[in-house]
Amino acid sequence: MFQSRTHNCNELRLENVGEKVKIVGWMENVREVSGSLSFVVVRDFYGTSQIVAETEETIKQFRDITKESTISVEGTVRERASKNPNMPTGDIEIVPEKIQVLGRCRYNELPFQINHSRDADESTRLKYRYLDLRNPEVKNNIVLRCNVVSALRSSMTEQGFLEVTTPILTASSPEGARDYLVPARNHPGKFYALPQAPQQFKQLLMTAGFDRYFQIAPCFRDEDARADRSPGEFYQLDMEMAFANQDDVFSVLEEVLPPIFAKYGAYNIASSAPFTRIAYKDSMERFGSDKPDLRIALELQDATEVLANCGFEPFAGNCVKAVVVPSFTQTRKFIDKLCAEVEVQAGNKVYWFRLDENGELVGGISKFVTEHKDAVVAALGLKPGCFVGLSAGKTLAAQKTAGVLRKMLGASVDGLMNKERYEFCWIVDFPMYEIGEESGELEFCHNPFSMPNGGLEILNKVEAGEADPLEITAYQYDLVCNGIELSSGAVRNHDPEIMIKAFELVRMGEADVKAKFPAMYNAFSYGAPPHAGIAPGVDRMVMLLAGEDCIREIIPFPMNKNAQDLMMDA
RNA sequence: GGCCCAGUAGUUCAGUUGGUUAGAACGCCAGCCUGUCACGCUGGAGGUCGACGGUUCGAGCCCGUUCUGGGUCGCCA
């Protein structure tokens, strides 16, 4: 029978000198200093300890054990002759009396070296994730995740929120992403769907009288992956409050998140609560994005008036946006590469010119600008040595392209961005409706359950032709941190009458609401509270806290980009 | 599905205009070394240059096709 250890590998100190102990763990390294002196490093979850072998017999015994085997060492703690101040257990070492192999590593060579696993090919890391996770750097992200989840849970509970679990096997919801389906054995031809979010259930909980709900909720969406989006499944801190408005939701998260970011974050929080609120329209205007990275010290400028008619064909009749970088010293090669990358990402061209040290217009499309130089310099506030990047098109396209350019400049030009901090903001007042690109007709902009700003009244005005539907905003909001959309939420539309009216404006009606969302429609007809909620992504939050750029670094067993589990799937 | 990038030793990478036997570091194996801690020193083993086809006297390098991986657009109420 296996006898338990007396101490873990991070526990022993000077005061333990002389004690008989037993430690267990993975044999990380052997350093043979001579034929009669060798040091062995044993690692467990908690840390590492040094074993010293001083007899030829012990040295040979360790030499015959392959690295990364699990071993147990019983022996006596001794003060080291030469201490290692960088190691918590660096003052002591263990003189072994009994050494046992518990689990032999059958390979001399591993797929990668444990302590350098982060440098290895990612497919190999995922296939041997259990080895990858032995690397303390990798493991620590998972520990961080656990701590963050635990902190979120207690903070929400402290705020009076009740954790309620909602079904995993449920009915498909017609809106949104692609579902994952599970065959229903008792109902041939029918399927359960895994929830894309507990959206409807939490709203039904509100209707049932639960006042404050939350859940660390697994969500399933069959969509393609990104660096900050793992395929298939992810977790949200899903929450909903009854008899509440937008400000109520904001103050909960402004209370819950900052202390957790302060305690567990790799960087400092730059934005104190209450977080900056930026209207969607302003965000597009100033940053060319609805998830602006406020760490970047650049804003878009409008150059339509001074440049639309400068004679440069692509600008004619278009909206023109400019991003100006003062004291720009990068090479022509850099600019070309930058423009090419923006073009790929934005699907739209970028143009540029520079005002050199002598105040002369040079490079790019400067010859088209020369004639209007004074006006352009004045309008954009240009100083010698600056770079001007330009985009053109319909307003939204020009904004988005300039937004991509802004982001790339921020990431690649020194001095534009202090990366080591957290900048939060709320994006508010999203439009309720938009003209669909394919249909060319009025459509819901986001989800159809948000409360329109102005309620039934404004919808009636639209119907009467007295208001523009495209001007209606919804009580819909995003929480953004460092250019990453952490969360989306809304004040919900809890009134069936307003719901039907909202659907009628997009050529649907009561029958559609009933057919698509029967439970919610029925429930709301029995007296529903005004309610609002939000659902911050846990994975993305941990990713930000860990200072990682890739979501897989903070998931214990991630799938690859193609939604395959390389470890389990032979 | 589109676009971009990468694929060379167990691992991370270098490889010049197409030219002799494809290199380095780490790891592995052997030997030396009495206080190492990324130990050090000496030596050794280890390669279908992702795959297939083409151009050429000659291809890791050029061309075509394809596979794999990552990033991104579409998509993600």
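Letters A, B, ... mirror the listed sequences (proteins, then strands); counts begin at 1.
- One side chain, A/Ser488 or A/Asp478, offers a donor N or O that lies under 3.5 Å from an acceptor on the other.
- Within a 6.0 Å radius of NZ in A/Lys419, other residues, nucleotides and ligands contribute 12 heavy atoms or fewer.
- Here the C1' atom of nucleotide B/C76 and the CD atom of A/Gln236 are 11 Å apart, to the nearest Å.
- The minimum heavy-atom distance linking A/Thr401 with A/Val350 is given by the pair CG2-CG2, 4.0 Å.
- Donor-acceptor pairing under 3.5 Å is recorded for the side chains of A/Thr76 and A/Glu97.
- Donor-acceptor pairing under 3.5 Å is lacking for the side chains of A/Glu32 and A/Ser38.
- Defined by atom type and a distance below 3.5 Å, a donor-acceptor pair is missing between the side-chain atoms of A/Glu341 and A/Gln345.
- Residue-level contact check: A/Asn115 touches neither bases nor backbone, having no heavy atom under 4.0 Å from any strand.
- Distance OH (A/Tyr107) to P (B/C29): 16 Å, rounded to an integer number of Å.
- Residues A/Glu510 and A/Tyr521 have side chains that bring a donor and an acceptor to within less than 3.5 angstrom of each other.
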query: Given the rule in the salt bridge (charged side-chain N to carboxylate O under 4.0 Å, His left out) test, do A/Glu485 and A/Arg540 qualify, once you have shown the distances and angles that lead to the verdict?
result: CA-CA 8 Å; A/Glu485 183 192 319; A/Arg540 281 187 187 171; 5.3 Å; no

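- Judged by distance alone, the side chains of A/Asn348 and A/Lys400 never bring a donor and an acceptor atom under 3.5 Å apart.
- Listed candidates were B/A77, B/U72, B/G27. Nearest to the side chain of A/Gln345 is B/U72.
- Mapping A/Val30 and A/Asn447 onto RNA chain B by nearest heavy atom places A/Val30 at the nucleotide closer to the 5' end.
- Side-chain atoms of A/Lys561 and base atoms of B/U68 include no donor and acceptor less than 3.5 Å apart.
- An OP1 or OP2 oxygen of B/G69 is reached within less than 4.0 angstrom by a side-chain nitrogen or oxygen of A/Asn562.
- Comparing the P positions of B/U8 and B/G50 gives an interatomic distance of 6 Å, to the nearest angstrom.
- Spacing of C1' atoms, B/A9 relative to B/A24, comes out at 11 Å, to the nearest Å.
- For the residue pair A/Ser283/A/Asp290, the side-chain donor-acceptor check at 3.5 Å is not satisfied.
- For A/Thr166 and A/Gln215, the side-chain atoms include at least one donor-acceptor pair closer than 3.5 Å.
- B/A51 and B/G7 have their C1' atoms separated by 12 Å, given to the nearest Å.
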Between the protein and nucleotides 33-37 of chain B, list every N/O to N/O distance that falls short of 3.5 Å.
residue	atom	partner	partner atom	Å
B/C33	N1	A/Val33	O	3.4
B/C33	O2	A/Val33	O	2.5
B/C33	N3	A/Glu32	O	3.4
B/C33	N3	A/Val33	O	3.1
B/U34	O4'	A/Ser34	OG	3.1
B/G35	O2'	A/Ser82	OG	3.0
B/G35	O6	A/Arg78	NH2	3.0
B/G35	N1	A/Glu93	OE1	3.4
B/G35	N1	A/Glu93	OE2	2.8
B/G35	N2	A/Glu93	OE1	2.4
B/G35	N2	A/Glu93	OE2	3.3
B/U36	O2'	A/Arg31	NE	3.4
B/U36	O2	A/Arg31	NE	2.9
B/U36	O2	A/Arg31	NH2	3.2
B/U36	N3	A/Gln50	OE1	2.9
B/U36	N3	A/Gln50	NE2	3.3
B/U36	O4	A/Gln50	NE2	3.0
B/U36	O4	A/Arg80	NH1	3.3
B/U36	O4	A/Ser82	O	3.3
B/C37	O4'	A/Arg31	NE	3.1
B/C37	O4'	A/Arg31	NH2	3.4
B/C37	O2	A/Arg80	NH1	3.3
B/C37	O2	A/Asn84	ND2	3.1
B/C37	N3	A/Arg80	NH1	2.9
B/C37	N4	A/Ser82	O	2.9
B/C37	N4	A/Lys83	O	3.3

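- Candidate nucleotides B/C28, B/A77, B/G69 were compared by shortest atom distance to the side chain of A/Asn108, and B/C28 ranks first.
- Here, B/G10 and B/A45 have their C1' atoms 12 Å apart, quoted to the whole Å.
- RNA chain B lies under 4.0 Å from at least one heavy atom of each of the following residues of residues 223-233 of chain A: A/Glu223, A/Asp224, A/Arg226, A/Ala227, A/Arg229.
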All N/O contacts under 3.5 Å from nucleotides 10-12 of chain B to the protein, with atom names and distances to one decimal?
residue	atom	partner	partner atom	Å
B/G10	O2'	A/Leu110	O	3.4
B/U12	OP1	A/Asp121	N	2.6

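- Residues from residues 392-409 of chain A with heavy atoms under 4.0 angstrom of RNA chain B: there are none.
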message: Wobble G-U and Watson-Crick pairs count when both distances are under 3.5 Å; given that, what is the 5' to 3' dot-bracket string of RNA chain B, with | for pairing to other strands?
response: (((((((..((((.....[...)))).(((((.......))))).....(((((..]....))))))))))))....

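- Put simply, A/Lys67 has no side-chain N or O that comes within less than 4.0 Å of OP1 or OP2 on B/G27.
- For A/Phe517 and A/Phe449, the ring centers sit closer than 6.0 Å to each other.
- The separation of B/G54 from B/U16, taken at their C1' atoms, amounts to 25 Å, rounded to a whole angstrom.
- Across B/C39 and B/G27, the matching P atoms stand 8 Å from one another, rounded to whole Å.
- Taking both residues in full, the closest heavy atoms of A/Pro469 and A/Tyr433 are given as O-CD1, 3.7 Å, listed atom of the first, atom of the second, then distance.
- In this structure, A/Gln199 reaches the bases: a heavy-atom distance under 4.0 Å links it to at least one base atom across the strands shown.
- In terms of position on RNA chain B, the residue among A/Cys550 and A/Thr66 whose nearest nucleotide sits closer to the 5' end is A/Thr66.
- Residue A/Arg540 has no polar side-chain atom (N or O) positioned under 4.0 Å from OP1 or OP2 of B/C76.
- Between A/Tyr477 and A/Phe250, the distance from one ring center to the other falls under 6.0 angstrom.
- By the 6.0 Å contact criterion, CZ on A/Phe334 is enclosed, its count of non-hydrogen atoms from other residues, nucleotides or ligands being greater than 12.
- The CZ atom of A/Arg125 sits 14 Å away from the C1' atom of B/G69 (whole-angstrom rounding).
- Ring centroids of A/Tyr280 and A/Phe430 are separated by less than 6.0 Å, placing the two rings close together.
- Remark: C1' of B/A77 and CE of A/Met499 are 13 Å apart, rounded to the nearest angstrom.
- Applying the ring-ring contact (aromatic ring centres under 6.0 Å, His included) test to residues at least two apart or on different chains, none of the pairs has a partner in residues 36-65 of chain A.
- Between the side chains of A/Glu548 and A/Asn141, at least one donor-acceptor pair of N or O atoms lies under 3.5 Å.
- Within the nucleic acid shown, A/Gln564 comes within 4.0 Å of sugar-phosphate atoms alone, with no base atom in reach, counting heavy atoms only.
- Within the 4.0 angstrom heavy-atom criterion, only backbone atoms of the sugar-phosphate kind lie near A/Asn560; the bases stay farther away.
- Taking atom CE of A/Met559 as the reference point, atom C1' of B/G70 lies 16 Å away to the nearest angstrom.
- To the nearest whole angstrom, the two C1' atoms, one in B/U11 and one in B/A38, are 16 Å apart.
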